[in-house]
Number of protein chains: 2
Amino acid sequence: MRRDIFQAIADPTRRAIILLIAAQGMTPNLLAEHFDTSRQAISKHLRILSECDVVRQEPSGREIYYQLNPVKMEEIEHWLAQFRNILDQRFSNLDNLLSTIQNKSK
Amino acid sequence: MRRDIFQAIADPTRRAIILLIAAQGMTPNLLAEHFDTSRQAISKHLRILSECDVVRQEPSGREIYYQLNPVKMEEIEHWLAQFRNILDQRFSNLDNLLSTIQNKSK
DNA sequence: TATATACGCTACCATTCGGTTTCGCAATAG
DNA sequence: CTATTGCGAAACCGAATGGTAGCGTATATA
């Protein structure tokens, strides 16, 4: 079973859950009110988010508040940074090539 | 069929393909050499990436070079910015709360 | 012209996904 | 104590996923 943040944010419902929980910790029932799907479906998404450690449980009586773990989101930023580095490097190589051509034409 | 960038980057092979193509446009056969999977599997990933407009085809004789469309990647950045905004807002509200408490204690 | 290569497309397969329904358990309310 | 509420877990279903194998076509090469 693949289970990383990229798989966690692949589903639009889970992305919405992340944004909602980022604003404030919420219970599954509270979350389900924001979507036109069942509480169980939301619970399943929360389980996936928990397995990815994107979200943490905080029991309070018979309710469970789900809180965001912002650290996990950095893995996305990390991959994007990798991506941007490659692009930057490519462009700087292009610059080198261009200046080489300029030098030759002199 | 769901088809957006978040679904495109959900698969680790596709993430690797994106990074490889970001560095340099490549043909399916060339790409397949970097993985221990078949050319057909890579072609399928490329089709998904094409449908998401993350990647563009550039025919050259009987070869097809796949080039990256960097613009599409900004959608990820956009969602992350949304996420960061919510977190920032939450913290500034906390600041407001704290200063309110301070004022009351005065 | 005959052959080899690069590729997309379709058919097929096992697995996973997102969802619903049902159930059982613990905590609260009456 | 009994009824209700909040929740996770399991069984099940249709659809999508990632992969393979084989076919057809266009380009390049002998």
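Throughout, protein chains are lettered first and strands after them, A, B, ... in sequence-line order, and every chain is numbered starting at 1. Fair warning: this is a prediction, and the values are worked out from it, not measured in the lab.
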Under a 4.0 Å heavy-atom cut-off, which of residues 56-64 of chain B touch DNA chain D?
-> B:G61, B:R62

Between residues 39-49 of chain A and DNA chain C, which residues have a heavy-atom gap below 4.0 Å?
-> A:Q40, A:A41, A:K44, A:H45, A:I48

Using a strict 4.0 Å threshold on nitrogen-to-oxygen distance, state whether A:K72 and A:D4 make a salt bridge.
-> no

Within a radius of less than 6.0 Å around CD of B:Q89, do more than 12 heavy atoms belonging to other residues, nucleotides or ligands occur?
-> no

Are any of the side-chain heavy atoms of A:L49 and A:R14 separated by less than 4.5 Å?
-> yes

At what distance, to the nearest 0.5 angstrom, does CG of B:L87 lie from CD of B:Q82?
-> 12.0 Å

Check whether any side-chain nitrogen or oxygen of A:S38 sits under 4.0 Å from OP1 or OP2 of C:dT20, and answer yes or no.
-> yes

Candidate pair B:W79 and A:I9, rule side-chain contact (heavy atoms from CB on, under 4.5 Å), full reasoning | CA-CA 10 Å; B:W79 184 77; A:I9 64 166; 4.1 Å; yes

Interatomic distance where CD belongs to B:E51 and P belongs to C:dG8 [whole Å] | 13 Å

Just one of A:R39, A:H45, A:R47 clears the side chain to side chain contact (heavy atoms under 4.5 Å, CB included) bar with A:S43, so which one?
-> A:R39

Taking the side chain as C-beta and beyond, is there a heavy-atom pair between B:V55 and B:I21 under 4.5 Å?
-> yes

With a 4.0 Å heavy-atom cut-off, tell me which residues in residues 13-27 of chain A come close to DNA chain C, sorted by residue number.
-> A:R14

Hey, where on DNA chain D does chain A first and last touch, going 5' to 3'? Cut-off is any atom under 4.0 Å from a heavy atom.
-> D:dT4 to D:dA9

Side chains of residues 22-34 of chain B: which donor-acceptor pairs under 3.5 Å do they make with residues two or more places apart or in other chains?
{"from": "B:T27", "atom 1": "OG1", "to": "B:L30", "atom 2": "N", "distance (Å)": "3.2"}
{"from": "B:H34", "atom 1": "ND1", "to": "B:L30", "atom 2": "O", "distance (Å)": "3.2"}

Can you check whether B:N29 has a side-chain N or O nearer than 4.0 Å to OP1 or OP2 of C:dT5?
-> no

Heavy atoms, side chains only, cut-off 4.5 Å: are B:I42 and B:Y66 in contact?
-> no

Residues A:V54, A:N69; criterion side-chain contact (heavy atoms from CB on, under 4.5 Å); working and verdict = CA-CA 5 Å; A:V54 173; A:N69 176 17; 5.9 Å; no

Any ion pair linking B:E77 and B:R84 (charged N to carboxylate O, less than 4.0 Å)?
-> no

Rounded to the nearest 0.5 Å, what's the gap from CZ on A:F83 to CZ on B:R15? Could you check?
-> 13.5 Å

Excluding sequence neighbours, so at least two apart, what forms side-chain hydrogen bond (donor to acceptor under 3.5 Å, both in side chains) with A:R56?
-> A:D53

